[in-house]
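None of these values were measured; they are calculated from a predicted model. All residue numbers in this chain count up from 1 along the given sequence.
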Amino acid sequence: MSDPAVNAKPSTHEHIVIIGAGAAGLTAGIYTARANLSPLIIAGLQPGGQMTITTDVENYPGFAEVIQGPWLMTEMQTQAENVGVRVMYDIVTGLDSTSRPFRLTLDSGQDITADAVILATGAQARWLGLDSEMQFNGRGVSACATCDGFFYKGRDVAVIGGGNTAVEEALYLANICNSVTLVHRRDSLRAEQIMQDRLFKKDNISVEWNRQVAEVLGDDTGVTGLRLAATDGADDKSISVHGMFVAIGHDPATAAFAGAVALDEEGYIKAAPGTTRTSVSGIFAAGDCVDKIYRQAVTAAGMGCMAALDAERWLGEQNS
């Protein structure tokens with residue numbers, strides 16, 4: 001039987017480690033590299049973040065024409081590498097924040113210590129789990145009305161959910177689309193009453209109560225409708241829509257940091273207001289793992305810049 005100590009990969013030390021290679025992590029990498037901090041990015045499960053599953057991108061500044069999400073993230077990573085960022089394709093499974101330097105455990109078995117850490121692991125939209133939903137993802141199925149709503153201008157769409165996010169998405173889409181159908185599995189909404197009042201005042205929003213999506217219908221052109229099952233024993237029904245927006249929440253990718261930094265009740269990393277500082281001095285957070293409100297590539301990139309500047313300033317204070 002082999003000795004685990006012999007097979008263990010040696011621990012390496014880094015000045016700063018950025019966990020996550022989406023818009024937040026790559027922007028943090030660009031700024032820290034330009035500050036001569038020699039950053040290491042650990043890419044995680046989904047290098048490029050949620051933008052890699054986004055097709056047409058029309059709201060990221062600097063591009064006159066529609067661009068593709070995966071292309072944008074490839075360009076961003078190339079830019080980061082060109083200024084000196086190193087990218088490691090591994091997954092952080094644990095973070096020990098109880099002593100310095102901080103210690104990161106990787107899925108490959110390697111340990112890395114770091115003087116400072118930026119957490120930029122993002123969040124994942126919750127999906128319904130239907131095969132047909134995945135089949136039409138990006139071709140009529142979306143989890144972000146702000147990102148993709150414009151492509152359905154003047155058309156009929158559906159929003160799935162009953163909480164604040166679903167009502168917000170429906171209200172946003174009502175200003176763009178011909179009609180919005182809110183599909184909710186119960187007979188009342190969970191959203192705040194003031195938001196419900198706004199929803200019910202909209203002439204082009206209707207609600208399908210006690211319904212859930214059984215199948216996304218479509219053809220080569222994309223989504224054409226939804227088959228809705230009843231939760232109260234009624235018969236199935238079909239509705240015609242060109243787009244479906246799933247708004248049943250997000251899950252931040254923060255499980256590896258539970259106990260290392262303070263998380264809120266939904267698992268998002270807590271940061272001091274107006275900063276990216278977490279509950280642990282020397283650990284910073286940026287992007288969708290801390291931001292549950294905006295969840296845009298451009299705001300994630302902005303937070304990545306903030307985290308880099310916060311980390312640079314903090315490291316300078318340690319050495320002064």
Between the side chain of [X] and the main-chain N/O of [Y], is any donor-acceptor distance below 3.5 Å?
{"X": "N210", "Y": "A230", "result": "no"}
{"X": "T27", "Y": "A24", "result": "no"}
{"X": "Q318", "Y": "G316", "result": "no"}
{"X": "S97", "Y": "A260", "result": "yes"}
{"X": "T121", "Y": "A253", "result": "yes"}

Partners passing side chain to side chain donor-acceptor pair (under 3.5 Å) against [X] (at least two apart in sequence or in another chain):
{"X": "H15", "answer": "D115"}
{"X": "E81", "answer": "Q77"}
{"X": "E208", "answer": "K237"}

According to salt bridge (charged side-chain N to carboxylate O under 4.0 Å, His left out), who are the partners of [X], at least two apart in sequence or on a separate chain?
{"X": "D236", "value": "R227"}
{"X": "D251", "value": "R126"}
{"X": "D264", "value": "K292"}
{"X": "E75", "value": "none"}

Should we count [atom1] of [X] as having more than 12 external heavy atoms under 6.0 Å?
{"X": "D203", "atom1": "CG", "value": "no"}
{"X": "R277", "atom1": "CZ", "value": "no"}
{"X": "D131", "atom1": "CG", "value": "no"}

Quick one: do the S142 and D148 side chains pair a donor with an acceptor below 3.5 Å?
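Per modelled atom types, S142 and D148 side chains form a pair under 3.5 Å.
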
Classify the side-chain pair K153/N175 by whether it contains a donor and acceptor separated by less than 3.5 Å.
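Note: K153 and N175 side chains miss the donor-acceptor criterion.
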
Identify all side-chain donor-acceptor contacts of residues 178-185 below 3.5 Å with residues at least two apart in sequence or on another chain.
from	atom 1	to	atom 2	distance (Å)
N178	ND2	D156	OD1	2.7
S179	OG	D156	OD1	2.6
H184	NE2	S188	O	2.9

Can you sort out the partners of Y268 under ring pair (Phe, Tyr, Trp, His ring centres under 6.0 Å), two or more places apart, ordered by chain and number?
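If we apply the ring pair (Phe, Tyr, Trp, His ring centres under 6.0 Å) test to Y268, skipping adjacent residues, there are no hits.
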
Which residues share a ring pair (Phe, Tyr, Trp, His ring centres under 6.0 Å) with W71, sequence neighbours left out:
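Checked W71 against ring pair (Phe, Tyr, Trp, His ring centres under 6.0 Å); matches are F63.
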
So which pairs with a foot in residues 218-255 pass ring pair (Phe, Tyr, Trp, His ring centres under 6.0 Å), sequence neighbours left out?
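For residues 218-255, and leaving out neighbouring residues, the ring pair (Phe, Tyr, Trp, His ring centres under 6.0 Å) pairs sorted by first residue read Y152-F245.
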
Atom pairs and distances, side-chain donor-acceptor, residues 32-44, under 3.5 Å, sequence neighbours left out:
from	atom 1	to	atom 2	distance (Å)
T32	OG1	A28	O	2.7
T32	OG1	G29	O	3.2
S38	OG	R86	NH2	3.4

If every non-hydrogen atom of L226 is compared with every non-hydrogen atom of V241, which pair is closest and at what distance?
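So the two residues come closest at CG-CG2, 3.8 Å.
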
